[in-house]
Protein chains: 2
Amino acid sequence: MKKKVQDLSTEEKIKEAARKIFTKKGYAATRTRDIAEESGINLALLNYYFRSKEKLFELVMLENFGAFISNVKELVNNTETSLEQKIENIVEFYINQLLVNPDLPLFVMNEIRSNSKLLKTKINKDIFLKSHFIQQLSAQLKKQGKGDVNPVHYLMNVLGMTIMPFIIGPLIIEIGMLKPQEFEKAMMERKKLIPIWIKTLLQLK
Amino acid sequence: MKKKVQDLSTEEKIKEAARKIFTKKGYAATRTRDIAEESGINLALLNYYFRSKEKLFELVMLENFGAFISNVKELVNNTETSLEQKIENIVEFYINQLLVNPDLPLFVMNEIRSNSKLLKTKINKDIFLKSHFIQQLSAQLKKQGKGDVNPVHYLMNVLGMTIMPFIIGPLIIEIGMLKPQEFEKAMMERKKLIPIWIKTLLQLK
DNA sequence: GTCTATAAAGTGATAGAC
DNA sequence: GTCTATCACTTTATAGAC
């Protein structure tokens with residue numbers, strides 16, 4: 001099932017280049033010529049292998065979107081882990097992903113806006129709303145005497161604290177607020193800090 | 001200085017339409033023909049008034065970006081307000097802005113990535129780093145015995161908690177996690193909740 | 001499978017009539 | 001100022017040779 005490692009096939013080379021450029025620049029701003037050049041192949045081969053720019057994009061899109069929510073499904077529905085552990089796992093998973101691929105959030109959010117049909121098949125409210133994670137959150141809020149607060153607020157808090165720094169990262173670095181190394185260091189710190197903060201808000205431990 | 005209200009001038013109509021479409025779709029995905037149609041005028045007039053698509057975009061971009069950080073400068077540098085009050089003011093200002101113009105964050109973040117020169121003139125690290133807000137944050141962290149924690153973390157937290165829900169808003173609504181009215185209600189709630197959460201983390205009051 | 005050449009369509013911009 | 005028609009160029013996609 002696995003391709004040989006030594007050299008990527010032409011098909012793979014194109015897909016890899018497409019992933020890189022689409023993710024960075026978005027659909028409209030990417031030219032098929034850019035992809036051909038980046039992958040070192042001929043423009044005609046793109047259409048030979050993938051029929052059209054749009055088909056190629058959909059492929060990349062699905063893979064990117066998958067990467068963005070993939071393992072999270074399992075993390076939030078693992079009935080073996082405590083609420084504390086889930087928070088730690090989710091934060092660590094996302095930050096690790098985003099350190100490698102910081103352009104992902106903006107790409108996903110952008111293409112969701114212009115392409116909302118496709119995600120309906122990939123994600124639905126049950127993934128999060130009926131997840132073990134939300135159940136645990138609700139229980140904890142009730143225990144705190146905050147049964148009237150929608151647990152979705154805390155999901156937003158975790159995602160906001162975790163993902164937002166990567167979205168504004170280029171700005172933070174560009175204006176010199178943090179140097180690239182300092183930014184990365186701060187993100188590593190946040191793996192530990194965010195769970196502590198969220199636990200504080202939930203009066204856990 | 002102010003234009004008559006009754007009917008917008010052709011120039012204003014074009015700018016209004018451009019703002020709307022550029023903000024929603026980004027630069028590359030926007031066609032000058034879309035703008036012309038949206039504003040109900042002729043394509044040639046766009047170039048007559050604004051010379052080129054790019055000039056028109058820069059105008060819109062500057063205004064949008066201005067709206068995004070404008071008053072924040074004053075809020076974070078007001079030496080008359082306490083740390084608590086600043087947090088409340090910043091959160092309320094952003095949420096009010098974003099309820100009216102939810103596409104703004106994604107637009108700004110996108111165009112920053114492809115156009116980073118322009119923002120250097122509009123924003124610099126001193127606005128935030130040397131702000132009264134950061135000074136107050138540092139002082140409070142020191143008081144907490146957390147003088148080693150970079151106050152920028154808390155800036156990220158406020159922005160993440162405040163802005164992120166609007167970025168993932170379309171997704172939240174699309175998958176049915178919240179209905180549009182529920183989402184708006186949740187955002188109103190967050191005006192009160194976020195300051196409370198941040199104060200808790202800072203052991204304020 | 002891979003290339004060159006070119007068709008076909010799209011898009012920003014302008015000339016020129018009114 | 002506003003319009004129609006059209007140019008000039010870019011970009012996606014394909015035909016056809018190798």
Rounded to whole angstroms, how far apart are [atom1] on [X] and [atom2] on [N]?
X        : N       : atom1 : atom2 : answer
Tyr27(A) : dG10(C) : OH    : C1'   : 13 Å
Tyr49(B) : dA13(C) : OH    : C1'   : 17 Å
Lys13(A) : dT2(C)  : NZ    : C1'   : 11 Å
Glu37(B) : dT2(D)  : CD    : C1'   : 18 Å
Phe50(B) : dT2(D)  : CZ    : P     : 11 Å
Leu56(A) : dT11(D) : CG    : C1'   : 15 Å
Ile14(B) : dT2(D)  : CD1   : C1'   : 10 Å
Ile35(B) : dG12(C) : CD1   : C1'   : 11 Å

Under 3.5 Å, which N/O atoms of the protein pair with N/O atoms of nucleotides 13-17 of chain D?
from	atom 1	to	atom 2	distance (Å)
dA13(D)	OP2	Lys53(A)	N	2.7

Honestly, is Lys13(B) close enough over Tyr49(B), meaning NZ or CZ under 6.0 Å from the six-membered ring centre and within 45° of the axis?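 Lys13(B) over Tyr49(B) ring: no.
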
Mind running side chain to side chain donor-acceptor pair (under 3.5 Å) on Ser52(A) and Asn47(A) for me, showing each step along the way? CA-CA 5 Å; Ser52(A) 72; Asn47(A) 294 83; over 6 Å; no

Exam field: side chain Arg190(A) to backbone Met161(A), donor-acceptor pair closer than 3.5 Å: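 Yes: the side chain of Arg190(A) pairs with the backbone of Met161(A).
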
Can you tell me if Lys53(B) uses its side chain to pair, donor with acceptor, with the backbone of Thr30(B) under 3.5 Å?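 Yes, Lys53(B) side chain to Thr30(B) backbone: donor-acceptor pair under 3.5 Å.
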
Can you check side chain to side chain donor-acceptor pair (under 3.5 Å) on Thr81(B) and Asn89(B), steps first, answer last? CA-CA 10 Å; Thr81(B) 51; Asn89(B) 291 343; 5.1 Å; no

Under 4.0 Å: is that the gap between some side-chain N or O of Thr10(A) and OP1 or OP2 of dT2(C)?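 The answer is yes; a side-chain N or O of Thr10(A) sits under 4.0 Å from OP1 or OP2.
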
Can a salt bridge be assigned to the pair Lys185(A) and Glu189(A) using a cut-off of 4.0 Å between side-chain N and carboxylate O?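 Looking at Lys185(A) and Glu189(A), the cut-off is met.
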
